[in-house]
Amino acid sequence: QPELVESGGGLVQPGGSLTLSCRTSGFLFDHYNIAWFRQTPGNEREAISCISSGGAGSYADSVKGRFTISRESAKMTVYLQMNSLKSEDTAIYYCALDLSREWSARCSLDGHWNHWGRGTQVTVSR
């Protein structure tokens with residue numbers, strides 16, 4: 001059974017940086033696309049970035065140029081490097097797995113994200 005565990009959240013000042021980790025297990029890590037979402041109270045989860053099994057990243061306009069997604073096969077972990085953080089980046093961040101497609105050169109933020117972690121809180125405030 002796939003398992004995804006997020007970590008690395010915390011409190012950071014505007015303009016600061018954080019790196020989130022999504023440690024995974026229970027599936028063939030190199031075969032599948034993985035994404036990062038975020039959610040604020042009263043709002044739907046927003047897909048912000050994904051990385052294909054081939055290592056190509058995609059980004060929502062809200063984070064493009066500030067966030068970088070990467071993956072490390074040896075640790076079965078996906079990272080989200082977040083720079084130039086803004087107060088509006090405050091949210092619970094989740095990673096998600098799409099098992100519907102293997103060996104994809106690219107990913108779509110509208111993929112079939114059907115396995116989720118429990119999230120990690122990121123708060124951007126002075």
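Since the model is a prediction, treat every value here as computed from it, not as a measurement.
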Fill in: For I48 against Y93, the heavy-atom pair lying closest together
CD1-CE2, 3.5 Å
Worksheet entry | Partner residues of H31 under the ring pair (Phe, Tyr, Trp, His ring centres under 6.0 Å) criterion, sequence neighbours left out | W103
Item to complete: Classify the ring geometry between W116 and Y94 as parallel (under 30°), tilted (30 to 60°) or perpendicular (over 60°).
Response: perpendicular
Item to complete: For S100, enumerate each residue passing the side-chain contact (heavy atoms from CB on, under 4.5 Å) test, keeping only those at least two apart in sequence or located in another chain.
Response: D98, H112
Practice prompt. Take T24 and L97 through the test side-chain contact (heavy atoms from CB on, under 4.5 Å) and record every step on the way to the result.
Written response: CA-CA 9 Å; T24 73; L97 167 66; over 6 Å; no
Expected list for residues 70-77: side-chain donor-acceptor pairs under 3.5 angstrom, two or more places apart:
{"residue": "R71", "atom": "NH1", "partner": "Y32", "partner atom": "O", "Å": "3.0"}
{"residue": "R71", "atom": "NH1", "partner": "S52", "partner atom": "O", "Å": "2.9"}
{"residue": "R71", "atom": "NH2", "partner": "F29", "partner atom": "O", "Å": "2.6"}
{"residue": "R71", "atom": "NH2", "partner": "Y32", "partner atom": "O", "Å": "3.1"}
{"residue": "E72", "atom": "OE1", "partner": "Y79", "partner atom": "OH", "Å": "2.8"}
{"residue": "S73", "atom": "OG", "partner": "D30", "partner atom": "OD1", "Å": "2.6"}
{"residue": "T77", "atom": "OG1", "partner": "K75", "partner atom": "O", "Å": "2.7"}

Fill in: Validation row: W36, V63 side chains within 4.5 angstrom (heavy atoms)
no
Worksheet item: Mind checking whether L18 and I51 sit in one hydrophobic cluster, side chains of I, L, V, M, F, W, Y counted as touching below 4.5 Å?
Response: yes
Response to the item:
Across all chains, not counting sequence neighbours, the side-chain hydrogen bond (donor to acceptor under 3.5 Å, both in side chains) partners of T90 are none
Worksheet item: Considering only heavy atoms from C-beta outward, does the side chain of F37 approach that of L109 to under 4.5 Å?
Response: no
Practice prompt. Report the C-alpha distance between Q13 and L85 in whole Å, list the side-chain angles of each, state the deciding distance to 0.1 Å, and finish with yes or no for side-chain contact (heavy atoms from CB on, under 4.5 Å).
Written response: CA-CA 8 Å; Q13 293 188 353; L85 283 162; over 6 Å; no
Worksheet entry | Sub-4.5 Å side-chain heavy-atom contact between L80 and T68 | no
Worksheet entry | Whether T120 side chain and E6 backbone form a donor-acceptor pair below 3.5 Å | no
Practice prompt. Not counting sequence neighbours, which residues clear side-chain contact (heavy atoms from CB on, under 4.5 Å) with S84? List them please.
Written response: R66
Worksheet item: Is any side-chain heavy atom of N83 less than 4.5 Å from a side-chain heavy atom of F67?
Response: no
Fill in: Set of side-chain contact (heavy atoms from CB on, under 4.5 Å) partners for S108, sequence neighbours left out
D110
Worksheet item: Are V5 and L99 connected in the hydrophobic side-chain network, where two residues link if heavy atoms are under 4.5 Å apart?
Response: no
Item to complete: Sequence neighbours left out, what passes side-chain hydrogen bond (donor to acceptor under 3.5 Å, both in side chains) with R101? Give chain and number order.
Response: none
Worksheet item: Pairs in or reaching into residues 113-126: which pass salt bridge (Lys or Arg N to Asp or Glu O under 4.0 Å), with residues at least two apart or in two chains?
Response: none
Practice prompt. Taking the side chain as every heavy atom from C-beta outward, state whether V78 and I69 have any atom pair closer than 4.5 Å.
Written response: yes
Practice prompt. For residues Y59 and C50, determine if any side-chain heavy atom of one lies less than 4.5 Å from a side-chain heavy atom of the other.
Written response: no
Response to the item:
So the salt bridge (Lys or Arg N to Asp or Glu O under 4.0 Å) pairs with at least one residue in residues 31-42 (sequence neighbours excluded) are R38-E46, R38-D89
Discussion item. Any side-chain to backbone donor/acceptor pair from S53 onto S104? Under 3.5 Å, distance only.
Written reply: yes
Worksheet item: Do L4 and H115 touch side chain to side chain, with heavy atoms closer than 4.5 Å?
Response: yes
Practice prompt. Can you sort out the partners of S7 under side-chain contact (heavy atoms from CB on, under 4.5 Å), two or more places apart, ordered by chain and number?
Written response: S21
Discussion item. Would you say CD of E44 has more than 12 non-hydrogen atoms from neighbouring residues, nucleotides or ligands within 6.0 angstrom?
Written reply: no
Worksheet item: Excluding sequence neighbours, so at least two apart, what forms side-chain hydrogen bond (donor to acceptor under 3.5 Å, both in side chains) with T19?
Response: Q81
Worksheet item: Excluding sequence neighbours, so at least two apart, what forms side-chain hydrogen bond (donor to acceptor under 3.5 Å, both in side chains) with Q39?
Response: R45
Worksheet entry | Smallest separation among heavy atoms of S125 and P14, with atom names | C-CD, 3.7 Å
Worksheet item: Is the backbone N or O of L11 less than 3.5 Å from a side-chain atom of T123, with the two atoms forming a donor-acceptor pair by type?
Response: no
